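Data first, discussion second: the structure below is written as structure tokens.
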Amino acid sequence: MDTTHKEIIVLSTLLNHHRSPRLDCEHIPITDAITLRHLALGHAEGLLDAVERSRPQLATFLGWVEQVINVSGARQYIRDRIDAPSPGARWYAIFHQQTFCGVFGIKSIAPRSHIAEVGYWLSSEVQGKRVIPQVLTALIPALAQETNADIVEFRCLEHNQASIRVATRAGAKWIKSVDHQMDVHDAAQKLNIYHLALKPWKI
């Protein structure tokens, strides 16, 4: 038996003892401090507060921040995501210590390639607290077991080292770099695409 196959068996055994949350739960406990809730219009004020606390940092990589300047803009941000027709899309509000601190999205699951693209953002006060790695630890098994996704895709601007570290530490591998049409300050930078195969979690 080769080393890779042994590693998959060990990982599968560990995961079988870990009860991953169901993606359709209204509240998904991640840790004692971190909870996900289905993103809803009622989160608009909390979302606006989170953006205001971190506007300079978020605006570096996220063009939509310029439109979220009041509660109406926050509601429109939420509508643009929860009303999106993308197959398999799910959007979650992230709470840390009961305070809204960001958004995690399964942006789509492509019907043919079975690639699930994920994206997220966090307010600055919780960055560096391993919030997204812990969310991924909980949701990756659920994605594998509850959907037809075979691959998780991360798209990271090449200068966004924090997002790149999250992807690579989750086990995702660089696939390619492409041009993009995102409205960001440094529009010339490439978009790096990373893939994480879900096969180990499907055994």
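Bear in mind that the values here come from a model prediction, so they are computed numbers and not experimental data.
- Looking at Ser86, its side chain never comes within 3.5 Å of a backbone N or O of Ser108 through a donor-acceptor pair.
- Under a cut-off of 6.0 angstrom, the local environment of CZ in Arg169 is sparse, with at most 12 non-hydrogen atoms contributed by other residues, nucleotides or ligands.
- You'll find the side chain of Arg155 reaches within 4.5 Å of the side chain of Glu117, heavy atoms only.
- Interatomic distance, CD of Glu153 versus NZ of Lys107, reported as 9.5 Å (0.5 Å rounding).
- Linking Ile, Leu, Val, Met, Phe, Trp and Tyr residues whenever their side-chain heavy atoms come within less than 4.5 Å leaves Ile69 and Phe61 in two separate clusters.
- Here the straight-line distance linking atom NZ of Lys190 with atom NZ of Lys176 works out to 11.5 Å at 0.5 Å rounding.
- Side-chain contact between Ile151 and His114 is absent, with no heavy atoms from C-beta onward closer than 4.5 Å.
- The 12-atom threshold is not exceeded at CG of Asp32, counting heavy atoms of other residues, nucleotides or ligands nearer than 6.0 Å.
- Closest approach of Gly73 to Val68, counting heavy atoms only: O-CG2, 4.0 Å.
- Ser123 and Glu125 share a side-chain donor-acceptor pair at under 3.5 Å.
- Ile115 places none of its side-chain heavy atoms less than 4.5 Å from the side chain of Asp150.
- The structure places NE2 of His159 at 8.0 Å from CD of Gln161, a figure rounded to the nearest 0.5 Å.
- Closest non-hydrogen pair, Gln134 versus Ile34, comes out as NE2-CD1, 3.6 Å.
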Practice task
Just do the side chain to side chain contact (heavy atoms under 4.5 Å, CB included) check on Val152 and His195 with the steps written out, would you?
Solution key: CA-CA 6 Å; Val152 175; His195 280 183; over 6 Å; no
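- Taking the six-membered ring for Trp and the full ring otherwise, His43 and Phe95 have centroids separated by under 6.0 Å.
- Counted by atom type alone, Glu26 and His38 present zero donor-acceptor pairs between their side chains at under 3.5 Å.
- Between Val103 and Ile94, the closest side-chain pair of non-hydrogen atoms is not below 4.5 Å.
- Of all non-hydrogen atoms in Ile30 and Ala138, the two that sit nearest each other are CD1-CB, 3.7 Å.
- Relative orientation of the Tyr120 and Phe104 rings is parallel, given thresholds of 30° and 60° on the angle between their planes.
- We find the SG-CG distance between Cys101 and Asp49 to be 12.5 Å, quoted to the nearest 0.5 Å.
- Residues Trp201 and Ile140 have side chains in contact (heavy-atom distance under 4.5 Å, counting atoms from C-beta outward).
- At least one test fails for Arg75 against the ring of Tyr77: distance under 6.0 Å to the centre or angle within 45° of the axis.
- Separating the CG atom in Leu139 from the CZ atom in Arg90 is a distance of 10.0 Å, to the nearest 0.5 Å.
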Handout entry: Working for side chain to side chain contact (heavy atoms under 4.5 Å, CB included), residues Gln76 and Gln67
Key = CA-CA 9 Å; Gln76 189 59 51; Gln67 280 71 54; over 6 Å; no
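- Looking only at side-chain heavy atoms (C-beta outward), His96 and Lys129 come within less than 4.5 Å of each other.
- Glu52 contributes no side-chain N or O that, together with a main-chain N or O of Leu48, makes up a donor-acceptor pair within less than 3.5 Å.
- A heavy-atom distance below 4.5 Å is found between the side chains of Ile132 and Val166.
- The two atoms that bring Ala116 and Ile109 nearest to each other are CB-CG1, 3.9 Å, heavy atoms only.
- The two atoms that bring Val131 and Val126 nearest to each other are CG2-O, 4.0 Å, heavy atoms only.
- Thr147 and Leu143 get closest at one heavy-atom pair: OG1-O, 2.6 Å.
- A distance of 6.0 Å separates CD1 in Ile28 from CG in Leu23, rounded to the nearest 0.5 Å.
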Practice task
I would like to know whether Asp80 and Trp91 meet side chain to side chain contact (heavy atoms under 4.5 Å, CB included); could you show each step before the answer?
Solution key: CA-CA 11 Å; Asp80 289 344; Trp91 293 90; over 6 Å; no
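- Residues Asn192 and Leu157 fail the side-chain proximity criterion, which asks for heavy atoms closer than 4.5 Å.
- The closest donor-acceptor contact from the side chain of Ser54 to the backbone of Val51 lies at 3.5 Å or more, if one exists at all.
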Exercise for the section: For side chain to side chain contact (heavy atoms under 4.5 Å, CB included), just list the numbers for Ile175 and Tyr194, CA-CA rounded to whole Å, side-chain angles, deciding distance to a tenth of an Å, and then say yes or no. Expected result: CA-CA 5 Å; Ile175 300 299; Tyr194 298 83; 5.9 Å; no
